[in-house]
2 protein chains.
Amino acid sequence: MEKIKVTAPASVANVACGYDIFGFALDLPSDELVLQKRNDSKLVIHDIKGAQLPTEPDQNVATVAIAALLNHLGSEQGFNLAIEKMIKPGSGLGSSASAAAAAVVAANVLMGSPLSKEDLVQFAMAGEIVASKKPHADNVSPSILGGFTVVRSVEPLDVFKIHHPKDLEVLIIFPDVEIKTAEARKLIGNQIPLDNARTQWGNVAGLVAGMINEDWNLISNSLQDVVAEPVRKYLIPGYDQVKEIVMAHDAIGFNISGSGPCMFAFFKGSGLASSAIPGIQKVYDQLSVKTFFHTSKINTEGTIVI
Amino acid sequence: MEKIKVTAPASVANVACGYDIFGFALDLPSDELVLQKRNDSKLVIHDIKGAQLPTEPDQNVATVAIAALLNHLGSEQGFNLAIEKMIKPGSGLGSSASAAAAAVVAANVLMGSPLSKEDLVQFAMAGEIVASKKPHADNVSPSILGGFTVVRSVEPLDVFKIHHPKDLEVLIIFPDVEIKTAEARKLIGNQIPLDNARTQWGNVAGLVAGMINEDWNLISNSLQDVVAEPVRKYLIPGYDQVKEIVMAHDAIGFNISGSGPCMFAFFKGSGLASSAIPGIQKVYDQLSVKTFFHTSKINTEGTIVI
């Protein structure tokens, strides 16, 4: 095969209590990548639609990820890349992760599929370092593998999927303001109170058990964050109001998606998610902030060839 | 019913990564309590075998726990208590928790079983405050409920059991030196590095998913502790040597039980646990430390009437 088109989903990282370890994939939005073999060893991005991103191979997450994969394979194969971004950079939906995910999955297929999807996570992660400076797998894992994923460890990398209830519906709320991940990380500091850490790992245990056992009460009680939300929510206009509205519409839980500004809410069953939208729209109309909404199931496939 | 005899199992708290939140019950050792109604409102401990413990009703965990339960029920019923301790105080096997567990379960039955076992955890916890100053449910939960338990939250109290593999075998190693829980807690401090907290909650997620899905690799990889073990292990003579021996005997994992000095190891299947004992015995013979061993399954019943 010489040419391939893949699509990689947006993802929500952290998921309240699971700072840097939990993530899940969304049905929409998703990025598309067309990858084509070249006759030389160059990596050339000849087209990027939907966002302004660097095209230098050592500065774009997609080409850096492919270079890491090729290096591992001992290959000097070159590729042309055409990227269509549907996930806005800086939205908190794992935009750079989905580009890296698409890149490594596509390159792996064109190289004859030597590696499993699980193996590819580390190379997508290498690509994502360009965007976030530190290695993170909490967006690339769900973007590649689909589903609800846990990054148990980054070094050595250990990532796994857990079961989730099939009737879980997600509402994504995207107020169009920019938050730099690196700035958002600084707010948290390098030390945290032991009491907060303990609260967090109690909720982590609860969310994992709740998802696997489809215990909605436990999921709901566990969707709390005492580490990032208390400091980061101030970067997101209208945060407390939006939370109040979605919880009043019977959301199972609500929190920041990644480092924001996107927020997510979980609902049990279809149809409830959209009922919360008009009230939230009103909040952002009053704040004069442009806002987008997505309703989605948890995407179970991750990056796929189309 | 006027008189009842109950037995409450020892328990292992923390379980490597789950500081203050994980615990499981053991088949042996276990404490016994005979509780008998009185014609007045007094709580009288007329016999304690196996350990030197206070008999004043406001200083013994069993009577304090019963008093908390009676207060909740609005009852002035008095009781006589005879306690037989098989779990040595200060061993790290939840000795005070098992006494409190036995007390509330027995009193609840003699009061006509108005409360569920789950409801009783909070009153046992109230009793345990006498021993450990701060409210903890990570020993009383497994001691009452049996199985592998998670304390998601202490305030409000939220405790649940998770599935565990039936062929999991536990080795308890008890070098007979005393460690005060309060002293052991001080070693950890009030702040922890965010990196360590993240490592811990990654492993918490891994251990919960590993236990529920019977994924032995995941259980093994997740049985790590970067919070308590690195500082507390120095309180336990021979710790590193013992760990090396049990891991060389194909243990799935090893760590401190509660705040020590007891240690636990997990093995897959029966018979492996005892193979590690002679080597460990030799270590403690050289250190001139008296040592006891227990092999056990995870006890699934918790406190029971006998």
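Throughout, protein chains are lettered first and strands after them, A, B, ... in sequence-line order, and every chain is numbered starting at 1. What you are looking at is a predicted structure, and each value in this text was computed from that prediction instead of being measured.
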(message) Among Val150(B), Val208(B), Val204(B), exactly one meets side-chain contact (heavy atoms from CB on, under 4.5 Å) together with Val208(A). Which residue is that?
(response) Val208(B)

(request) Side chain from CB out, backbone as N, CA, C, O: work out which of these in Asn213(A) comes under 4.5 Å of a heavy atom of chain B, or both, or neither. (result) side chain

(message) For chain A, which candidate among Gln191(B), His163(B), Met211(B) shows the most heavy-atom pairs at distances under 4.5 Å?
(response)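 Of the options given, most contacts go to Gln191(B).
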
(request) Specify which of Asp215(B), Leu218(B), Leu207(B), Val227(B) makes the most heavy-atom pairs with chain A at under 4.5 Å. (result) Leu218(B)

(message) Angle between ring planes, Trp201(A) versus Tyr19(B), binned at 30° and 60°: parallel, tilted or perpendicular?
(response)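 Trp201(A) and Tyr19(B): perpendicular rings.
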
In Å, rounded to the nearest 0.5 Å, how long is the span from [atom1] of [X] to [atom2] of [Y]?
| X | Y | atom1 | atom2 | value |
| --- | --- | --- | --- | --- |
| Ile21(A) | Thr199(B) | CD1 | OG1 | 10.0 Å |
| Asp195(B) | Asp20(A) | CG | CG | 9.0 Å |
| Arg152(A) | Gln224(B) | CZ | CD | 5.5 Å |
| Asn196(B) | Ile192(A) | CG | CD1 | 9.5 Å |

(message) For Val154(B), which atoms come within 4.5 Å of any heavy atom of chain A: side chain, backbone, both, or neither?
(response)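 No part of Val154(B) comes within 4.5 Å of chain A.
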
(request) Under 4.5 Å heavy-atom distance to chain A, tell me which part of Asn221(B) shows up: side chain, backbone, both or neither. (result)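 For Asn221(B), backbone and side chain are both near chain A.
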
(request) Report, as yes or no, whether the 6.0 Å neighbourhood of atom NZ on Lys297(A) holds more than 12 heavy atoms from other residues, nucleotides or ligands. (result)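 Atom NZ in Lys297(A) is packed in, count exceeds 12.
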
(message) Are more than 12 heavy atoms, taken from residues, nucleotides or ligands other than Lys268(B), located less than 6.0 Å from that residue's NZ atom?
(response)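 No, because the 6.0 Å sphere around NZ of Lys268(B) holds 12 heavy atoms or fewer from other groups.
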
(request) Heavy-atom pairs under 4.5 Å with chain B are the metric here; pick the option from Gly18(A), Gly206(A), Ala197(A), Ala205(A) that has the most. (result)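 The residue among Gly18(A), Gly206(A), Ala197(A), Ala205(A) with the greatest pair count is Ala205(A).
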
(message) Out of Asn190(A), Ile162(A), Val151(A), Ile188(A), return the one with the most heavy atom pairs under 4.5 angstrom to chain B.
(response)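 Heavy-atom pair counts peak at Asn190(A).
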
